[in-house]
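What follows is one structure encoded as structure tokens, with my remarks underneath.
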Amino acid sequence: VTSSDSLVTQDYTATVVIAPPLPEFILTGPATWNGRPTATVQSTITNQALLDATGGGSLNYVWSVGGLAVSTEETTPDALALVRSQGSGPLVVTLAVDNGGFAVTESVTIDVQEPASDPWVQRTPAADEKPVPGQFFARNPDTGLGTIHYNGTQGGSPDDVFLKIYTTDGGDTLYATHRQALTGNTYAFSVPIAAGKVTYKVVYGTRTGGVDTPVATVTDLVCGDAYVIEGQSNAVATDNSAPRDNTTSPWIRTYGRSGGGWDYARSKAPDEFWEMNIGFWGMTLAQNIVADHDMPVCIINGAVGGTRVDQHQPNPADHTMAGASYSIYANLLNRVTDARLTHGIRGLFWHQGESDGSNFGPISDWDYTTYEQNFMNMSLAWKEDYPNLQNYIIYQVMPNPCNIGPKGDQVREVLRNLPRLYSKMNILNTLAVDGYEGCHFSAAGYTYMANQLTPLVDQEFYGVVPAASVT
């Protein structure tokens, strides 16, 4: 190196390090997909030999999907399995690959068109499953029938065993008789019952020499439609000054929050029945369905007041395990499982977002910035755990909800846009609801919400064609 005046010259030794080249790759995937059988997007590194030769062959892969709510699984680092879509339209799959330097990004767009409907998925009963008093059986809407499973073992050597079904409204009337020979010492009955405002009882017994001997009887069984309510306090819908109400109906049932079993649902019950609450708007909605469609209803309300959406996430290791951070999701799933309704939930109603207007969550940014992804993660788990779930109906929270801010409007905007990710999601606003008390609603306000919700439920679940828009 020579100085600017050419009077001084100095020699230096320089070592030139040539960095490995950036990875080059192509993505291949299907042009179209119906969102059901698993599809795969595959990456192929086109300069792998050069990368290996220059010390840059160790690659990092980061996959992402956008445009639709889609569950995925990374089978290998260089491939992404698309497992299930809950929406139709363009799906953008993006892969970023790096070898320690700048990431190289490529994307493919897949046209997703879901089938108009999916077949009803049947639940596999336990080997010793039997009905319990007061149990609610979910119907298959394609057939209008529910299924009673009565399985177990029988001692002795009877000629066969039987299961007799009776309707019990106005006296016992034989509905059906089913018989089968023992296999070894086991039996397994799966018998249909019609949905509607009918109560059933079952009698199990043995037959020897043409004589039937009853062994066990289970009463007060009904069959109809099952739904879930989730969210925070406006989904709980009891936090107001309205008095306790112990009104019940034999056609509206729920399964207790703390494993208390079956009982008639309440809107805002006295303490001894508190775990049977489904909230004011949940009860009114159920009453409307019973009145309009002669259909019994089960609602399981898993909402928890004052919670953010990140607190409703499933445990990625096991959805049934609460761990330290996943109790809301796990508790609801375990209740529905204990109720034997995992495959019976037809719809889910979501009212939440008030607590996401600030930065109380586990991230360093405003909570609303991760709301969409958290909701998608949760809904994809719902669809896995409740495979016959047909429709989501969500509420857009009020402006500045519960005076938690300052990002309430951003939460409202995220909620407003969620339906673009799903083919079967509707949203209702709460702006026109009377009885707003600054955070919660009066009993009259919640009743108004239920009456606003009912025409949408009629349209989405009961085939009613409305005269005007219901959203």
Side-chain angles (χ1 to χ4, degrees), residues 27 29-41 63-74 79-95 107-121 141 227-228 230-231 309-310 312-314 316 319 329 343 345-353 356 368-396 411-429 453 456-457 459-461 463 469-471:
L27 281 184
T32 62
W33 179 45
N34 71 357
R36 298 298 182 268
T38 298
T40 300
V41 178
W63 292 91
S64 61
V65 297
L68 299 173
V70 174
S71 55
T72 63
E73 183 177 300
E74 292 187 31
L80 184 70
L82 308 176
V83 179
R84 175 66 182 255
S85 178
Q86 295 192 71
S88 294
L91 172 68
V92 179
V93 181
T94 301
L95 173 61
S107 298
V108 294
T109 300
I110 301 170
D111 180 26
V112 181
Q113 296 299 325
E114 297 176 284
S117 61
D118 291 299
W120 192 258
V121 181
Y227 301 96
V228 163
E230 250 285 51
V309 68
D310 65 272
H312 289 256
Q313 299 302 295
H319 295 179
Y329 190 100
H343 291 56
I345 301 300
R346 293 190 64 191
L348 188 143
F349 309 114
W350 175 260
H351 194 307
Q352 193 277 335
D356 288 277
Y368 81 90
T369 60
T370 54
Y371 194 102
E372 179 182 289
Q373 188 61 56
N374 277 324
F375 188 92
M376 279 201 296
N377 294 343
M378 183 175 57
S379 70
L380 294 170
W382 286 335
K383 190 61 180 175
E384 179 183 337
D385 295 325
Y386 314 126
N388 293 312
L389 184 59
Q390 295 175 319
N391 201 290
Y392 304 105
I393 298 177
I394 68 174
Y395 277 97
Q396 185 186 41
V411 175
R412 286 167 48 78
E413 184 66 4
V414 173
L415 289 165
R416 185 182 72 84
N417 282 295
L418 278 179
R420 68 181 171 81
L421 304 171
Y422 300 81
S423 56
K424 295 182 179 179
M425 175 183 285
N426 293 277
I427 185 168
L428 295 171
N429 73 71
L453 174 59
L456 184 54
V457 170
Q459 171 186 279
E460 296 300 323
F461 299 104
S469 174
V470 294
T471 58

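Everything numeric in this text was worked out from a predicted model, so none of it was measured.
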What closest approach, in Å, do S107 and T94 show between heavy atoms, and which atom pair accounts for it?
OG-OG1, 2.8 Å
Output every pair passing salt bridge (charged side-chain N to carboxylate O under 4.0 Å, His left out) with a member in residues 368-384, not counting sequence neighbours, ordered by first then second residue.
E372-R420
Please check if the side chain of N388 supplies one atom and the backbone of H343 the other of a donor-acceptor pair under 3.5 Å.
yes
Using 0.5 Å steps for rounding, measure from the OG1 atom of T38 to the CG atom of L82.
8.0 Å
Name each donor-acceptor pair under 3.5 Å that joins a side chain in residues 64-73 to protein atoms two or more places apart or in another chain, with its distance.
residue: S71; atom: OG; partner: R84; partner atom: N; Å: 3.2
residue: S71; atom: OG; partner: R84; partner atom: O; Å: 3.3

Got a sec, which residues hit ring-ring contact (aromatic ring centres under 6.0 Å, His included) with Y371, two or more places apart in sequence or on another chain?
none
Side-chain heavy atoms of Y329 within contact of H312, under 4.5 Å
no
Would you say Q396's side chain and R412's backbone share a donor-acceptor pair under 3.5 angstrom?
yes
Output for pair (L91 CG, T32 OG1), nearest 0.5 Å, gives 12.0 Å
Would you indicate whether the side-chain heavy atoms of V309 and Q352 approach each other to under 4.5 Å?
yes
Point-to-point distance, once rounded to the nearest 0.5 Å, from CD of E460 to CG of N426
4.5 Å
Would you say the side chain of L456 lies within less than 4.5 Å of the side chain of F349, judging by non-hydrogen atoms?
no
The side chain to side chain donor-acceptor pair (under 3.5 Å) partners of H319 (sequence neighbours excluded) come to D385
Looking only at heavy atoms, the pair that brings S88 and S423 closest together is N-CB, 4.2 Å
Suppose we screen for salt bridge (Lys or Arg N to Asp or Glu O under 4.0 Å). Which residues come up paired with E114, at least two apart in sequence or across chains?
R36
Please name all residues satisfying side chain to side chain donor-acceptor pair (under 3.5 Å) with Y386, sequence neighbours left out, ordered by chain then number.
none
What pairs with T370 under side chain to side chain contact (heavy atoms under 4.5 Å, CB included), at least two apart in sequence or on another chain?
I363, N374
T109: partners by side chain to side chain donor-acceptor pair (under 3.5 Å), with sequence neighbours left out
none
Indicate yes or no: at least one non-hydrogen side-chain atom of F375 is less than 4.5 angstrom from one of L421.
no
Once rounded to the nearest 0.5 Å, what's the spacing between atom CG of D118 and atom CG of L389?
11.0 Å
Are Y395 and L428 packed together at the side-chain level, in the sense that at least one heavy-atom pair is separated by less than 4.5 angstrom?
yes
Under the rule for ring-ring contact (aromatic ring centres under 6.0 Å, His included), what residues qualify as partners of Y392, not counting sequence neighbours?
W382, Y422
Would you say T471 and I427 make side-chain contact, with heavy atoms under 4.5 Å?
no
So, using side chain to side chain donor-acceptor pair (under 3.5 Å) as the criterion, who are the partners of N429 when residues are at least two apart?
none
What's the separation between atom CD1 in I393 and atom CH2 in W350, rounded to the nearest 0.5 Å?
15.0 Å
Are L380 and V83 side-chain neighbours, meaning at least one heavy-atom pair lies under 4.5 Å?
no
Give the minimum heavy-atom separation between T40 and A79, together with the two atoms involved.
CG2-CB, 4.2 Å
I'd like to check the salt bridge (Lys or Arg N to Asp or Glu O under 4.0 Å) partners of D310; sequence neighbours left out, ordered by chain and number.
R308
Could you state the interatomic distance from OH (Y368) to CG (L415), rounded to the nearest 0.5 Å?
13.5 Å
Work out which heavy atom in G353 is nearest to a heavy atom in V411; give both atom names and the distance.
O-CG1, 3.5 Å
For Q390, which residues count as a side chain to side chain contact (heavy atoms under 4.5 Å, CB included) partner, sequence neighbours excluded?
W120, P141, R346, F461
